[in-house]
Protein chains: 2
Amino acid sequence: MATSARGRIDKRQAILDGAFAVFARLGYTQACVQDIADEAGVAKPTVYNHMTDKATLFRHAVEAASQAALDARIGALAPLADPGDDLAGALEDVAHALLRLHTDERSCALKRLLYSEITRFPDILDVVTGSGPHHLTQALADRLARLTLSGRLRATDPDLAAEQFLALLLGPLEARSRLGTRQIGDTELRDLARAAVCTFLRAWARDTP
Amino acid sequence: MATSARGRIDKRQAILDGAFAVFARLGYTQACVQDIADEAGVAKPTVYNHMTDKATLFRHAVEAASQAALDARIGALAPLADPGDDLAGALEDVAHALLRLHTDERSCALKRLLYSEITRFPDILDVVTGSGPHHLTQALADRLARLTLSGRLRATDPDLAAEQFLALLLGPLEARSRLGTRQIGDTELRDLARAAVCTFLRAWARDTP
DNA sequence: ACGGCATTGAACTCATGAGTTCAACGTAGT
DNA sequence: ACTACGTTGAACTCATGAGTTCAATGCCGT
């Protein structure tokens, strides 16, 4: 029974993975369940054996993908816990990591899916638990608050600081990546990270007394 | 014949308007040509009399809508031509105007359409002539270059300044408007404009000698 | 009054895809 | 060996929507 249950679980996971891959490639309406079944290496009735609907299949696939993306992004903030004496360097590394995470294939596809199906699935943003920058902003604000307390940043609202840091960092991506269509080279990402951190620190570093 | 041609033109315009309205409401695949014909107050064969395809209908509708949006946004930069002695005030007014233009119903719907159909119509960004922030960035960079020459801003790359100004201003919109789903109150927009301009000037105002 | 042209509504063809059914199959537990 | 259950492929139903056809109806210039 262990292997049988394991077998079921594996199929379920394969279905979710295949579903996200196909949805990401074709969008919700264009993707047909048969494609998803093929991608998952499974028969169509098996898909309906695990998920009642194409709609719930979509929900679960998107939920899993965005949870993974959010975890990775929050994980990338780790270096800010103990930035050493090179604050600018630590910020740049984090910024660069965030840029890479925001420009990879899956993230871009996920963003496209969210934008295009947000009207058909108005609740999908809740399912994603505010995985749009929201929870990331909170996590970053926590880190920046520590930096404020230790006198490295100006003593004003860390929530605003986090929001503006992410805006400076991610805002330019939309135009540069052509809405996520074009991949951006790593050196260009480095430059973007440097420019964002430079401007951020110019505005938010502790005033020299 | 003048009125007859006028009549045709009116129908064509009505079709384009109706098409954008329905596409904005339902998305490309969900929108059916009969809906568009009804919205435009026209029969279905009339639609095909003006546009060969549902696809070209979509292209033309989106092109018209985004050209209008771009014109309005560039027009909103006008106060920067002669900002008087209150630079922060002028920037704030422009920022507020841009925020209103970026959060209205049509703009949000347009952005959703671009994101969702960019894979089906990869050329649509060219049709839109880079109407994603790109041309707006250029126009703003021109204004900021003038301000740099007159000594109001730091003497560094005005293109970067424009990109970061727009990032600071528009970046927070994504999370706050829930991908364009929720309307943002005018006082919140004022606050966003003020915060963006404040941080921008802190980083980009001419260094006090 | 007449002829040309766009428009109209209704009915039609055709393709696509969601979701179901079912008989045959494989495999694990007893 | 026997049973129970998930899986499989194929065939099926049913709804939807793109694009077309056509006869009938205006409307405009001459």
Side-chain angles (χ1 to χ4, degrees), chain A residues 1-62 113 116-117 119-121 123-124, chain B residues 1-62 113 116-117 119-121 123-124:
Chain A
M1 173 172 180
T3 62
S4 142
R6 166 59 49 191
R8 279 211 78 196
I9 290 177
D10 285 352
K11 298 243 158 162
R12 185 187 179 85
Q13 197 54 48
I15 289 173
L16 285 177
D17 292 347
F20 182 79
V22 176
F23 282 137
R25 196 185 319 132
L26 302 175
Y28 179 75
T29 1
Q30 290 287 99
C32 78
V33 178
Q34 185 63 61
D35 292 344
I36 294 173
D38 293 349
E39 177 93 14
V42 138
K44 188 163 69 145
T46 306
V47 174
Y48 285 102
N49 207 14
H50 287 263
M51 308 298 222
T52 67
D53 250 343
K54 187 183 178 185
T56 64
L57 176 56
F58 180 76
R59 267 181 240 270
H60 285 116
V62 166
L113 280 180
S116 52
E117 307 307 332
T119 50
R120 199 193 316 259
F121 302 99
D123 55 316
I124 207 171
Chain B
M1 171 169 181
T3 62
S4 143
R6 167 58 49 191
R8 280 209 77 194
I9 291 177
D10 284 352
K11 298 244 157 157
R12 185 187 179 85
Q13 197 54 48
I15 290 173
L16 285 178
D17 292 348
F20 181 78
V22 176
F23 282 136
R25 197 186 318 133
L26 302 175
Y28 178 75
T29 1
Q30 290 286 100
C32 79
V33 177
Q34 185 62 61
D35 291 346
I36 294 173
D38 292 349
E39 177 94 12
V42 139
K44 188 163 70 145
T46 306
V47 173
Y48 285 102
N49 208 14
H50 287 263
M51 308 299 224
T52 67
D53 249 343
K54 186 183 179 185
T56 64
L57 176 56
F58 180 77
R59 267 181 239 270
H60 284 116
V62 166
L113 279 180
S116 52
E117 307 308 333
T119 50
R120 199 193 316 258
F121 302 100
D123 55 317
I124 206 172

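Each chain gets a letter, A, B and so on, in the order its sequence line appears, and its residues count up from 1. We use all heavy atoms of the structure for the numbers below, so side chains are in, but hydrogens, waters and symmetry mates are not.
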Legend entry - B:D38/B:K44 under salt bridge (Lys or Arg N to Asp or Glu O under 4.0 Å): CA gap, chis, key distance, verdict: CA-CA 8 Å; B:D38 292 349; B:K44 188 163 70 145; over 6 Å; no
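Using a 30° and 60° split on the angle between ring planes, B:F58 and B:F121 fall in the parallel class, below 30°.
To the nearest 0.5 Å, atom CG of residue A:L16 and atom NE2 of residue A:H60 are 7.5 Å apart.
Between A:K11 and D:dT8, a side-chain N or O to OP1/OP2 separation shorter than 4.0 Å is present. Proximity of A:H50 to the phosphate of D:dT7: a side-chain N or O atom is located under 4.0 Å from OP1 or OP2.
Between A:I36 and A:F23 the shortest side-chain heavy-atom distance falls below 4.5 Å.
Nearest nucleotide to the A:T46 side chain, out of C:dG9, C:dT7, D:dT7: D:dT7. Minimum atom distance to the side chain of B:N49 is reached by C:dA6, of the listed D:dT7, D:dG9, C:dA6.
In this structure, a donor-acceptor pair under 3.5 Å is present between the side chains of B:Q30 and A:R120.
At distances below 3.5 Å, at least one donor-acceptor pair connects side-chain atoms of A:K54 with backbone N or O atoms of A:Y28.
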Between the protein and nucleotides 13-19 of chain D, which nitrogen or oxygen pairs come in under 3.5 angstrom?
residue, atom, partner, partner atom, Å
D:dA18, OP1, B:A31, O, 3.2
D:dA18, OP1, B:K54, NZ, 2.9
D:dA18, OP2, B:V33, N, 3.0
D:dG19, OP1, B:D53, OD1, 3.0
D:dG19, OP2, B:Y48, OH, 3.2
D:dG19, OP2, B:K54, N, 3.1
D:dG19, N7, B:K44, NZ, 2.9
D:dG19, O6, B:K44, NZ, 2.7

